Number of protein chains: 2
Amino acid sequence: MNDKLYSITELAEEFDITPRAIRFYETKGLLSPQRAGATRVYNYRDRARLVLVLRGKRLGFTLEDIKEYIDLYDAERSHSDQLAHLMLVGRKRIGELEQQLEDVQTTLGELRKIEAEARDALKARGLDPEEAVQNLGRKLPAKAGV
Amino acid sequence: MNDKLYSITELAEEFDITPRAIRFYETKGLLSPQRAGATRVYNYRDRARLVLVLRGKRLGFTLEDIKEYIDLYDAERSHSDQLAHLMLVGRKRIGELEQQLEDVQTTLGELRKIEAEARDALKARGLDPEEAVQNLGRKLPAKAGV
DNA sequence: CAATAAATTTACGCTAACGTCAGCATTATG
DNA sequence: CATAATGCTGACGTTAGCGTAAATTTATTG
């Protein structure tokens, strides 16, 4: 059931990125799909890797970081040195992410406070906050993406 | 008690960045210290802003994102439109960060699993994991920072 | 006050992560 | 089968975020 195959544009559309980006990740060693002739063909594992890449990006890691991270999954667990190295790199990343977790939580707290204050201030003026937000779209020149 | 002033190098050293970076943030409108003649002088508020900038960076935001975010703090809360806008932008960021929170937690979980597995595998070979990690430093050409 | 040391501006350089052609081959379709 | 549509490989262009060097004040210190 996991034998489904994907074209490059299918993946691109699914994840809202460009084929160019996907090819670029390949040149960086993050993906290595099969080929049918010259055409790239992605299987379920390739797709899973792409998911990891995109999540890594959302977390602000560089593609090189992400490669190192992905390699943790595929690392040989044959030599003890490999295993020790796995632990070492894993711990480093864990440390980084724990810091990031703290940052995210702090910032979320601050933002929620700001939003709540703004909402209260609107209510105090006898306005419906949701309505006020809606109205912005009509007054302003239309900002973000359809 | 919060009237302490800082030179650019003091801040740079405290946060382990370069003066060049701090000046760069200023050109992007993220900081606006006073001047004593031509020399930049930073007060407590400037320093607090810098902290926000650096945290934003750790979260993977662009400097432009960070500017928008910082501006939320200083936004006028006089007009209702401003308040509604504040809510809108705040919610957008909150959404992003909630996604990021999920990403961080997922990735942390995966990494902890990998690290634990590596540790168990080493133990199963009768090795002390900590020792094995230590030994890496002596065998390998010395990789990361001091 | 002469000699450093520290700051400033200006400007060019560099890397990451793609975007954007160009030119060509392959595949799909009316 | 003519014509799109899709894909491939270069190769150059672009933006963000500083690094680095040069030339020039400004500050500090023996």
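As the structure is a computational prediction, the values presented were derived from the model and not from experiment.
Side chain of A/Ser7, nearest nucleotide from D/dA16, D/dG7, C/dA7: D/dG7. Distances were taken from every side-chain heavy atom of A/Thr9 (C-beta onward) to each of D/dG7, D/dA16, C/dT8; the shortest belongs to D/dG7. The side chain of A/Phe24 approaches C/dC18 more closely than any other nucleotide in the set C/dA16, D/dA16, C/dC18. Nearest nucleotide to the A/Arg20 side chain, out of D/dT20, D/dG7, D/dA11: D/dA11. Comparing C/dT9, D/dT9, C/dC18 against the side chain of B/Arg40 picks out C/dT9 as the nearest.
If you take CD1 of B/Ile8 and C1' of C/dT9, they are 12 Å apart, rounded to a whole angstrom. With rounding to whole Å, B/Glu26 atom CD is found 15 Å from D/dC18 atom P. Across the protein-nucleic acid pair, A/Phe61 atom CZ and C/dT15 atom P stand 23 Å apart, rounded to whole Å. Computed from coordinates, the A/Glu13 CD to D/dG7 C1' distance equals 14 Å when rounded to whole Å. A straight line from CG of B/Leu5 to C1' of C/dA7 spans 17 Å, rounded to a whole angstrom. Rounded to whole Å, the distance from CG on A/Leu30 to P on C/dA17 is 9 Å. The distance between atom CD1 of B/Ile17 and atom C1' of D/dG19, rounded to the nearest whole Å, is 14 Å. Rounding to whole angstrom units, CD1 of residue A/Ile22 and P of C/dA17 are separated by 16 Å.
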How far apart are the C-alpha atoms of A/Arg125 and B/Ser80, what are their side-chain angles, what is the distance that settles it, and do they pass the side-chain contact (heavy atoms from CB on, under 4.5 Å) test? CA-CA 8 Å; A/Arg125 296 180 188 200; B/Ser80 300; 3.2 Å; yes

Show your working on salt bridge (charged side-chain N to carboxylate O under 4.0 Å, His left out) between B/Arg35 and B/Glu26 and close with a plain yes or no. CA-CA 13 Å; B/Arg35 301 277 185 135; B/Glu26 184 176 336; 3.3 Å; yes

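Nearest heavy atom pair, residue A/Ile114 against residue B/Leu72, reads CD1-CB, 4.2 Å.
Remark: B/Thr18 is in phosphate contact with D/dG19, judged by side-chain N or O atoms under 4.0 Å from OP1 or OP2. Contact check, B/Lys57 against D/dC18: a side-chain N or O comes under 4.0 Å of OP1 or OP2. Close to D/dG17, at under 4.0 Å from its OP1 or OP2, lies no side-chain N or O of B/Tyr25. The phosphate of C/dT9 (OP1 or OP2) has a side-chain N or O of B/Arg35 nearer than 4.0 angstrom.
Note on A/Glu110 versus B/Arg55: salt bridge recorded, some NZ/NE/NH1/NH2 to OD/OE distance being below 4.0 Å. We find that B/Glu130 and A/Arg91 are joined by a salt bridge, their nearest charged nitrogen and carboxylate oxygen being less than 4.0 Å apart.
For B/Arg23 and C/dT9, a side-chain-to-base donor-acceptor distance below 3.5 Å is absent, hydrogens and geometry of angles not being considered.
Checking B/Lys28 against A/Val41, the closest nucleotide of DNA chain D that is more toward the 5' end is the one next to A/Val41. Mapping B/Thr62 and B/Thr39 onto DNA chain D via the closest heavy atom, the residue that lands nearer the 5' end is B/Thr62.
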